[in-house]
Amino acid sequence: MSQVYVEDLPQHVGNEVLIQGWLWNKRSSGKVRFVLVRDGTGWVQGVVTPDADSATFELAESLPQESSLRMWGTVRADPRAPGGHELLVRKIEAVHIPQQPFPIGLKEHGVGFLMDHRHLWMRMRKQVPILRIRDSVLWAIREFFHQRGFVATEVPIIVGTAVEGTTTLFSLDYFGQPAYLSQSGQLYLEATCAALGKVYWIGPVFRAEKSKTRKHLIEFWMAEAEQAFLDHQGNLQLQEDLVRYVVESVVRCRARELEELERDATKLREEVRPPFARITYDEAIRLIQGRGVPIHHGDDFGAEAEDALSQEFGRPVFVERFPRKLKPFYMKKDPTNPQVVLCADLIAPEGYGEIIGGSQRVDTEQELLEQLGEDNLPVEPYGWYLDLRKWGSVPHSGFGLGVERVVAWIAGLPHIREAIPFARTLTRLYP
RNA sequence: UCCCCGGUAGCUCAGUUGGCAGAGCAGCCGGCUGUUAACCGGCGGGCCGGAGGUUCGAGUCCUCCCCGGGGAGCCA
């Protein structure tokens, strides 16, 4: 008999099936014993009565939490069963019986303890749906770009050039040369873009910032895209389409997981209804000031300012055209106002923070040299990047999306550390 | 780096004005024919984060250190 996954059980009502998984809880009422089994796709209750053979009846009482097992039984719908379906068990076979109690109980635990046991915590009731939602987010991003003719490509993780200054880089010794872990694939993606036209990549990036908040990870995943002949306005439309596609896709494919997390899918769908709000930096400053948050023109947004914007709109909002001096050297100045650049940050609703940063890029060598100078950056390490403006330079734009922040928003998580299997935070390098 | 909170049983926590170290859960033993983080009875379980100090006496008060959590700045 071949294995059936828990999520497919409704299609097998009345049939005997084999479930292979792990025991996550059990209950007994003497002569009726319940074994709750998970297999990665869901949770199902097996009902064991004395009608099963005596070894099976005994196992239903004695197996400890997180025993792995095979369970044969007949599927039936029953309103008393969690999830609506259960298995009338004929036989249980233990695959591995733990010799000591599982560290993670079914009661509450502290954050420190759970993070110390992340490799085991991820098996638990809320963590599984989160990781399944993450899978769908990444899958939807790939699907979106593929449908639009973007070419999936890759960038180096070990780099010799800093993208945005060296203070937040992890440095390493590359056979005697200084090297860094990449904090963004953007510069390389611009090169690839001139070869392939429309490109994207998804991968880990690293920031050695001593950030200690619910929105920051030291190692996080970015989805970055770059398109030739795309201007600022087109860039915003592309980002909006992507975010809407991802949310709608997750709401459709992971409805059960969202429900398990008590996340309101209707609210998510409302939030991404077109169009997203768009305001300029200048408007944003006035709006934030109007909400009583102390901020001056020329300041970057703090957490309080972001939350104010988030509350004001209740849906994603693009903040466009930041002052040049707040943004990195590669962003193109607005031809109608060289004090600002053609960029935008996308602020998520519900206080989940900035989920995308993007811009139209500088496309002439002269401007690029000027802006490197403005930021007191050396020209030499950017030689190859300047080359891109020497041969067939075109207007082009791109952006980077923070995968974990999007997962945290969609799943409604209180902290970003649960949005990735193994979070690297300021205090955690293990497990 | 700065500000705030915490560290007591495997886990979550309580511990009064300084006066014998506690509960729930987990574990083990027993009971229960539909449980829903099941329930009921019993049993075992402690370097009170570390070092110093005050005191007749410190889990409790003081100093320093270590570790964790929340927030800020910076960012996606």
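Each chain gets a letter, A, B and so on, in the order the sequences are listed, and its residues count up from 1. Because the structure is predicted, anything quoted here is derived from the model rather than measured.
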Test for a donor-acceptor pair under 3.5 Å between the base of B/C75 and the side chain of A/Ser211, counting only N and O atoms.
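Between B/C75 and A/Ser211, which were checked side chain against base, a qualifying N/O pair under 3.5 Å is absent.
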Classify the side chain of A/Glu108 versus the base of B/C13 as yes if they form a donor-acceptor pair under 3.5 Å and no if they do not.
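Checked by distance alone, the answer is no.
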When rounded to the nearest Å, what value does the distance between [atom1] atoms of [N] and [M] take?
{"N": "B/A51", "M": "B/C47", "atom1": "C1'", "answer": "13 Å"}
{"N": "B/C20", "M": "B/G57", "atom1": "C1'", "answer": "13 Å"}
{"N": "B/U63", "M": "B/C4", "atom1": "P", "answer": "13 Å"}
{"N": "B/G10", "M": "B/G27", "atom1": "P", "answer": "15 Å"}
{"N": "B/U55", "M": "B/A72", "atom1": "P", "answer": "44 Å"}
{"N": "B/U54", "M": "B/U12", "atom1": "P", "answer": "35 Å"}
{"N": "B/C43", "M": "B/G24", "atom1": "P", "answer": "11 Å"}
{"N": "B/C48", "M": "B/C11", "atom1": "P", "answer": "15 Å"}

[atom1] of [X] versus [atom2] of [N]: gap in Å, rounded?
{"X": "A/Arg405", "N": "B/C74", "atom1": "CZ", "atom2": "P", "value": "13 Å"}
{"X": "A/Glu306", "N": "B/A76", "atom1": "CD", "atom2": "P", "value": "10 Å"}
{"X": "A/Gln100", "N": "B/C11", "atom1": "CD", "atom2": "P", "value": "14 Å"}
{"X": "A/Ile295", "N": "B/G73", "atom1": "CD1", "atom2": "C1'", "value": "13 Å"}
{"X": "A/Gln45", "N": "B/U33", "atom1": "CD", "atom2": "C1'", "value": "14 Å"}
{"X": "A/Asp345", "N": "B/C75", "atom1": "CG", "atom2": "P", "value": "9 Å"}
{"X": "A/Asp300", "N": "B/G73", "atom1": "CG", "atom2": "P", "value": "10 Å"}
{"X": "A/Phe318", "N": "B/A76", "atom1": "CZ", "atom2": "C1'", "value": "14 Å"}

Heavy atoms under 4.0 Å, any strand shown: does [X] hit a base, just sugar-phosphate, or nothing?
{"X": "A/Gly353", "value": "nothing"}
{"X": "A/Glu224", "value": "nothing"}
{"X": "A/Glu86", "value": "base"}
{"X": "A/Gly357", "value": "sugar-phosphate"}
{"X": "A/His117", "value": "nothing"}

Donor on one side chain, acceptor on other, A/Tyr330 and A/Glu190, under 3.5 Å:
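No.
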Indicate whether the side chain of A/Gln239 and that of A/Asn235 have a donor and an acceptor atom separated by less than 3.5 Å.
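The answer is yes; a qualifying pair exists.
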Would you tell me if any nitrogen or oxygen in the side chain of [X] comes within less than 4.0 Å of OP1 or OP2 on [N]?
{"X": "A/Lys107", "N": "B/U12", "result": "no"}
{"X": "A/His109", "N": "B/A26", "result": "no"}
{"X": "A/Thr427", "N": "B/G69", "result": "yes"}

State whether A/Trp43 and A/Arg125 meet the cation-pi test: NZ (Lys) or CZ (Arg) under 6.0 Å from the six-membered ring centroid, and within 45° of the perpendicular axis.
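The answer is yes, since A/Arg125 meets both limits relative to A/Trp43.
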Under 6.0 Å from the six-membered ring centre of A/Trp121 and within 45° of its axis: does the NZ or CZ of A/Arg118 meet both?
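That pair qualifies as a cation-pi contact.
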Report yes if the side chains of A/Pro101 and A/Gln65 come closer than 4.5 Å at any heavy-atom pair, otherwise no.
no
Under-4.0 Å salt bridge between A/Asp282 and A/Arg321
no
Looking at [atom1] of [X] and [atom2] of [Y], how far apart are the two atoms once the value is rounded to the nearest 0.5 Å?
{"X": "A/Arg207", "Y": "A/Ser184", "atom1": "CZ", "atom2": "OG", "value": "6.5 Å"}
{"X": "A/Glu354", "Y": "A/Leu346", "atom1": "CD", "atom2": "CG", "value": "8.5 Å"}
{"X": "A/Lys31", "Y": "A/Arg33", "atom1": "NZ", "atom2": "CZ", "value": "7.5 Å"}

Between B/C11, B/C75, B/G71, which one does the side chain of A/Arg207 approach most closely?
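Side chain of A/Arg207 sits closest to B/C75.
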Options B/U1, B/G70, B/C74, nucleotide nearest the side-chain atoms of A/Lys212:
B/G70
Ring geometry between A/Tyr385 and A/Tyr382 (parallel below 30°, tilted from 30 to 60°, perpendicular above 60°)
perpendicular
On the 0 to 90° scale, with breaks at 30° and 60°, tag the A/Tyr200-A/Phe150 ring pair as parallel, tilted or perpendicular.
perpendicular
Considering heavy-atom distances to RNA chain B, does A/Arg417 or A/Leu217 have its closest nucleotide positioned more toward the 5' end?
A/Arg417
The residue, A/Glu304 or A/Phe34, whose nearest nucleotide of RNA chain B is more 5′ is A/Phe34
In residues 51-80 of chain A, which residues come under 4.0 Å of RNA chain B by heavy atom?
A/Arg76, A/Asp78, A/Arg80
Positions of residues 16-32 of chain A (non-hydrogen atom under 4.0 Å from RNA chain B), listed by number:
A/Asn25, A/Arg27, A/Ser28, A/Ser29, A/Gly30, A/Lys31, A/Val32
Strand partner of [N], provided both Watson-Crick or wobble distances fall under 3.5 Å:
{"N": "B/C2", "result": "B/G71"}
{"N": "B/U17", "result": "none"}
{"N": "B/G44", "result": "none"}

Which pairs count as salt bridge (Lys or Arg N to Asp or Glu O under 4.0 Å) when at least one residue sits in residues 217-228 of chain A, sequence neighbours excluded?
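Pairs touching residues 217-228 of chain A that pass the test: A/Glu226-A/Arg361.
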